[in-house]
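Source: prediction; values computed, not measured. Sequential numbering from 1 along the given sequence is applied to the chain's residues.
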Amino acid sequence: MTKKLLTTLLICASFRLAAQTVNQVTDPVEYVNPLMGTASKPSLSNGNTYPAVAVPWGMNFWTPQTGNMGDGWAYTYDAEKIRGFKQTHQPSPWMNDYGQFSIMPVTGKMKFTQDERASWFSHKAEVSKPYYYSVYLADADVTTELTPTERAAQFRFTFPKADSSFIVVDAFDKGSYIKIIPSERKIVGYSTRYSRGPLPNFKNYFVIYIDKAFSISKSWDSKTLKNELELEAGHAGAIIGFKTIKGEKVNLKVASSFISIDQAELNLKRELANDSFDATMAKAKALWNKRLSAITVEGGSVDQVRTFYSCLYRTLFFPHKMYELDASNKIVHYSPYNGKTLPGYMFAGTGFWDTFRALYPFLNLMYPSINKEMQEGLINDYKEGGWLPEWSSPGYADIMIGNNSASVVADAYIKGLRGYDINTLYEALIHGANNEGPITAVGRKGVEYYNKLGYVPYDVNINENAARTLEYAYDDFAIYQLGKALGRPKSETDLYAKRSQNYRNLFDPATGLMRAKKKDGSFQTPFNPFKWGDAFTEGNSWHYSWSVFQDVQGLADLMGGEDKFVMKLDSVFSLPPIFDESGYGGVIHEIREMQIANMGQYAHGNQPIQHMIYLYNYAGAPWKTQYWARETMNRMYKATPDGYCGDEDNGQTSAWYIFSALGFYPVTPGVDQYVLGAPLFKKATLKLENGKQIVINAPNNSDANRYVNSLMLNGKPYSKNWFSHSELQKGAVINYNMSAAPNEKRGINKADYPYSFSNDKNK
């Protein structure tokens with residue numbers, strides 16, 4: 001066979017695999033690639049993810065660690081060596097980690113520092129799944145396997161024949177403790193390391209059981225071996241050793257707690273009991289399949305199904321559980337606000353600036369029971385810390401802007417969650433909306449100016465002022481919506497309804513864009529709409545001008561009506577990807593990701609503009625939403641190490657894909673509507689927690705047939721550009737007739753447009 005023919009056959013085979021249609025998904029977890037997004041670095045993010053070995057919303061995750069101790073980029077696909085297997089709670093590399101420690105097998109010599117113990121590895125000898133991870137460590141000649149529970153995990157090390165085999169435990173620097181108990185084949189300790197604080201009395205306690213006796217037991221401090229079995233130091237660790245025969249398997253059972261070593265023991269006994277490694281792995285796999293099977297898709301390519309379930313996997317991590325079950329099976333948690341152990345739920349590791357947009361609405365649609373727990377956790381945040389968090393890591397992290405807890409709280413209640421103290425949460429929203437917090441990222445920075453002038457001025461030394469104004473206005477709308485739902489006095493809700501219109505104060509008729517304004521009421525000059533940062537947050541005016549989630553009709557009117565609004569939307573894609581980075585003093589990765597995407601000024605790799613594609617539905621051009629949603633899914637997502645187009649950010653960018661693949665998106669959290677796009681698959685079935693199903697049929701869907709020609713909802717023609725959440729919760733069958741050419745007559749009547757405050761007759 002000639003080389004040319006062989007090459008042709010291989011290319012054809014590869015194409016057939018990628019194009020092969022998946023007609024049934026019975027084991028969705030096997031479509032997940034946890035390595036999606038791991039080929040990232042500070043200057044260019046393809047996701048900034050790590051392969052999290054965990055169960056959905058687990059208190060602990062595990063990951064192979066290729067980066068240096070304390071490096072936010074814990075695992076990068078292009079790395080060549082693994083330094084350990086780290087327990088992590090890291091939401092993103094920019095936030096870094098808290099409560100971490102690592103475990104690493106070595107052979108030959110007692111190598112315990114991160115550089116000495118590091119081993120070469122290859123992706124060819126690596127298996128990465130949500131419920132299981134395995135890799136061959138070449139320098140040690142050891143295969144490591146790992147499988148998780150919510151608060152515990154099992155390791156299985158397969159050693160070579162060696163007189164000197166070791167296991168290293170690294171409790172990390174910044175204050176740690178280790179104790180080796182050879183008689184019990186046990187190691188206990190704690191790590192105090194965190195990146196965002198202060199966190200009073202913070203410790204991540206751990207307990208490790210090894211099923212083989214130790215012949216060597218030593219502690220170590222930074223770079224020095226100690227003969228002590230117990231050590232408290234700036235950087236404490238342990239190394240235990242034994243002889244092994246070829247192929248000998250040494251098993252570890254590991255658990256941790258934010259409360260105490262005794263609680264870690266309890267977590268281990270409760271979650272691992274007498275289970276073998278394989279039994280724990282089977283349980284973890286079953287749990288993933290249960291959660292992932294809430295949505296089944298059919299009639300997509302292998303690549304599309306892989307991408308869908310890889311994104312779905314990412315939506316089921318953050319915020320993660322911080323709570324534990326005590327000896328009486330009562331729910332308790334360590335409080336990152338006062339350092340005490342208190343009753344009730346607690347979650348951590350998410351930023352609402354990212355996740356209010358799609359992640360929390362997705363939970364409200366598909367997993368409302370876990371969000372009910374999260375809402376109860378927010379009540380405890382407020383009671384213990386005095387504020388709702390805007391970024392929890394795990395306490396108040398002083399980063400990002402906005403007061404978007406209002407959206408997270410309001411959307412949950414508007415979408416039907418009940419059975420928790422919503423009145424206390426409403427009180428927390430009112431408190432946060434009218435006060436500056438002790439740090440920038442709680443309450444509202446510049447609130448006195450905002451409440452008096454209707455905007456945060458440019459010239460009062462408050463950065464990102466225009467972005468703050470726009471987000472506060474939307475957050476006020478969310479408070480207004482919740483207040484109405486709770487029957488609050490009209491005089492109270494009217495105040496927030498009025499403030500929801502503050503976006504108008506920054507609209508510049510001369511440019512048709514949002515522009516910072518000075519204290520005296522004049523616009524900031526000179527104005528460059530391509531300037532990132534400064535008045536805006538990780539974006540420019542072209543990105544933030546669409547941040548009027550609550551009143552797209554009002555924005556369209558300001559821009560000159562529907563035709564001009566659509567032209568302005570089109571301009572986002574037709575403009576060149578030029579930028580002014582002077583606000584940051586250099587090109588940040590978000591700028592670079594926009595520049596290289598070949599989608600003009602559309603910067604899908606960051607959150608502020610992700611909803612913009614769906615705004616065509618508000619101006620009589622829904623087919624343009626259908627086109628660009630499909631283009632973005634096709635171009636920007638793939639279940640590969642470089643498979644995202646920017647930071648994945650705690651499930652938000654993945655939730656955008658999941659919603660868009662289903663054919664609708666929550667443009668305005670806090671409103672009982674999803675705005676239509678077009679489905680990606682020929683069929684999708686959503687199994688709701690209330691026992692109902694939403695079945696989405698698009699049998700003639702294809703890459704060419706990406707436009708909605710007609711639509712039937714429960715057997716009746718449906719012309720609206722939105723679905724009602726409350727109606728979908730009753731169960732629904734949605735039938736699409738897709739076409740290769742856009743239907744420019746469907747969804748063009750104002751009666752079919754989604755909600756806008758300006759059109760709300762009940763306000």
Handout entry: Check: Phe166 ring centre within less than 6.0 Å of Phe242 ring centre
Key = no
Fill in the blank from the handout: Closest non-hydrogen contact found for Tyr313 with Leu292 is N-CD2, 4.0 Å
Exercise for the section: Can you tell me which residue pairs pass the salt bridge (Lys or Arg N to Asp or Glu O under 4.0 Å) test with a partner in residues 636-645, sequence neighbours excluded? Expected result: Asp303-Lys638
Practice task
Would you confirm whether Thr158, through its side chain, and Val142, through its main-chain N or O, come within 3.5 Å as a donor-acceptor pair?
Solution key: no
Problem - Plane angle bin for Tyr31 and Tyr309 - parallel if under 30°, tilted between 30 and 60°, otherwise perpendicular - result: tilted
Fill in the blank from the handout: Contacts satisfying salt bridge (Lys or Arg N to Asp or Glu O under 4.0 Å) that involve residues 209-229 (not counting sequence neighbours) are Lys212-Glu248
Problem - Sub-4.5 Å side-chain heavy-atom contact between Asp97 and Lys86 - result: yes
Problem - Residue pair Asp141 / Tyr136, side-chain donor-acceptor N/O under 3.5 Å - result: yes
Practice task
Tell me, with the steps shown, if Gln263 and Ser260 meet side chain to side chain donor-acceptor pair (under 3.5 Å).
Solution key: CA-CA 5 Å; Gln263 181 65 46; Ser260 67; 5.4 Å; no
Handout entry: Check: Phe318 ring centre within less than 6.0 Å of Phe61 ring centre
Key = yes
Handout entry: Short side-chain to backbone donor-acceptor contact, Thr315 and Leu312, under 3.5 Å
Key = yes
Exercise for the section: Would you check if Tyr360 and Asn404 make a side-chain contact, meaning some heavy-atom pair closer than 4.5 Å? Expected result: no
Exercise for the section: For Leu137 and Pro105, work out which heavy atoms get closest and say how close. Expected result: CD1-CG, 3.6 Å
Exercise for the section: Could you list all the side-chain hydrogen bond (donor to acceptor under 3.5 Å, both in side chains) pairs where at least one residue sits in residues 275-288, not counting sequence neighbours? Expected result: Asp27-Lys285, Glu30-Lys285, Gln154-Thr280, Arg156-Asp278, Asp275-Lys283
Practice task
State yes or no: are the ring centers of Phe155 and Trp62 separated by less than 6.0 Å?
Solution key: yes
Handout entry: Under 3.5 Å: donor-acceptor pair, side chain of Ser256, backbone of Ala264
Key = no
Handout entry: Residues in side-chain hydrogen bond (donor to acceptor under 3.5 Å, both in side chains) contact with Asn68, at least two apart in sequence or another chain
Key = Arg83
Completion exercise
Taken in chain and number order and not counting sequence neighbours, the residues that satisfy side-chain hydrogen bond (donor to acceptor under 3.5 Å, both in side chains) with Ser191 are none
Exercise for the section: Decide yes or no on side chain to side chain donor-acceptor pair (under 3.5 Å) for Ser335 and Glu384, but give the supporting numbers first. Expected result: CA-CA 7 Å; Ser335 172; Glu384 295 162 26; 2.7 Å; yes
Exercise for the section: Evaluate the side chain to side chain donor-acceptor pair (under 3.5 Å) criterion for residues Glu376 and Asn380: first the C-alpha distance (whole Å), next the side-chain angles of each, then the deciding distance (0.1 Å), finally the verdict. Expected result: CA-CA 7 Å; Glu376 294 190 63; Asn380 291 325; over 6 Å; no
Handout entry: Nearest heavy atoms of Asn46 and Ser40, plus distance in Å
Key = N-OG, 3.0 Å
Problem - Distance-only polar pair, side chains of Glu538 and Asn606, donor-acceptor under 3.5 Å - result: yes
Handout entry: Val168 to Ile239 - nearest heavy-atom pair and separation
Key = CG2-CD1, 3.9 Å
Problem - Full working for side chain to side chain donor-acceptor pair (under 3.5 Å) between Ser134 and Glu126 - result: CA-CA 6 Å; Ser134 172; Glu126 180 185 41; over 6 Å; no
Problem - Under 3.5 Å: donor-acceptor pair, side chain of Asn338, backbone of Lys340 - result: yes
Problem - Centroid separation Phe172 to Phe101 less than 6.0 Å - result: no
Exercise for the section: Indicate yes or no for a side-chain donor-acceptor contact from Ser219 to the backbone of Asn227 under 3.5 Å, with no hydrogens or angles considered. Expected result: no
Practice task
Could you tell me whether Arg193 and Asp173 make a salt bridge, using a distance below 4.0 angstrom between a side-chain N and a carboxylate O?
Solution key: yes
Exercise for the section: Using a 4.5 Å cut-off on heavy atoms from C-beta on, say whether the side chain of Ile216 contacts that of Met110. Expected result: yes
Exercise for the section: Only counting residues at least two apart or in another chain, list the ones meeting side chain to side chain contact (heavy atoms under 4.5 Å, CB included) with Glu232. Expected result: Tyr177, Tyr190
Problem - salt_bridge(Asp170, Arg117) N-O dist < 4.0 Å - result: yes
Practice task
Give a yes or no on whether the backbone of Gly47 and the side-chain of Ser45 come within a donor-acceptor separation of less than 3.5 Å.
Solution key: yes
Practice task
Kindly state each residue pair satisfying ring pair (Phe, Tyr, Trp, His ring centres under 6.0 Å) with at least one member in residues 65-91, sequence neighbours excluded.
Solution key: Trp73-Trp94, Tyr77-His123, His89-Tyr98, His89-Phe258, His89-His320
Handout entry: Backbone N/O of Pro182 and side chain of Ser217: donor-acceptor pair under 3.5 Å
Key = no
Handout entry: Side chain proximity check, Trp57 to Met374, heavy atoms < 4.5 angstrom
Key = yes
Handout entry: Donor-acceptor contact present, side-chain Ser119 to main-chain Ala138, <3.5 Å
Key = yes
Practice task
Give a yes/no verdict on a cation-pi contact between Arg151 and Tyr323, requiring under 6.0 Å between NZ or CZ and the six-membered ring centre and an angle within 45° of the axis.
Solution key: yes
Problem - Tyr644 versus His604, side-chain donor and acceptor atoms under 3.5 Å - result: no
Practice task
Using atom types as modelled and distance alone, determine if a side-chain donor or acceptor of Thr147 lies under 3.5 Å from a backbone N or O of Tyr131.
Solution key: yes
Exercise for the section: Could you walk me through whether Gln90 and Asn96 pass side-chain contact (heavy atoms from CB on, under 4.5 Å), step by step? Expected result: CA-CA 6 Å; Gln90 179 172 295; Asn96 213 303; 3.8 Å; yes
Practice task
Quick one: list whatever passes side chain to side chain contact (heavy atoms under 4.5 Å, CB included) with Ile181, sequence neighbours left out.
Solution key: Lys179, Ser183, Glu184, Lys186
Exercise for the section: Can you sort out the partners of Ile399 under side chain to side chain contact (heavy atoms under 4.5 Å, CB included), two or more places apart, ordered by chain and number? Expected result: Met95, Arg196, Trp391, Ala397
Handout entry: Test item: Leu325 and Arg270 side chains (from C-beta on) under 4.5 Å apart, heavy atoms
Key = yes
Practice task
Could you list the residues that satisfy side-chain hydrogen bond (donor to acceptor under 3.5 Å, both in side chains) with Thr38, not counting sequence neighbours?
Solution key: none
Exercise for the section: Check whether the side chains of Thr149 and Glu271 place a donor and an acceptor atom closer than 3.5 Å, and report yes or no. Expected result: yes
Handout entry: Under 3.5 Å side-chain donor-acceptor pair for Glu150 and Asn60
Key = no
Practice task
Return yes if some donor-acceptor pair links the side-chain N/O of Gln652 with the main-chain N/O of Leu359 below 3.5 Å, else return no.
Solution key: yes
Fill in the blank from the handout: For Thr192 and Lys203 the tightest heavy-atom approach is CG2-CG, 3.9 Å
Fill in the blank from the handout: Hits for side-chain hydrogen bond (donor to acceptor under 3.5 Å, both in side chains) against Asn204, two or more places apart or cross-chain, chain-then-number order -> Gln87
Practice task
Would you check, one step at a time, whether the test side-chain contact (heavy atoms from CB on, under 4.5 Å) holds for Met636 with Trp656?
Solution key: CA-CA 11 Å; Met636 300 293 161; Trp656 186 97; over 6 Å; no
Problem - Nearest heavy atoms of Ile658 and Phe308, plus distance in Å - result: CD1-O, 3.2 Å
Handout entry: Residues forming a side chain to side chain contact (heavy atoms under 4.5 Å, CB included) with Lys290, sequence neighbours excluded
Key = none
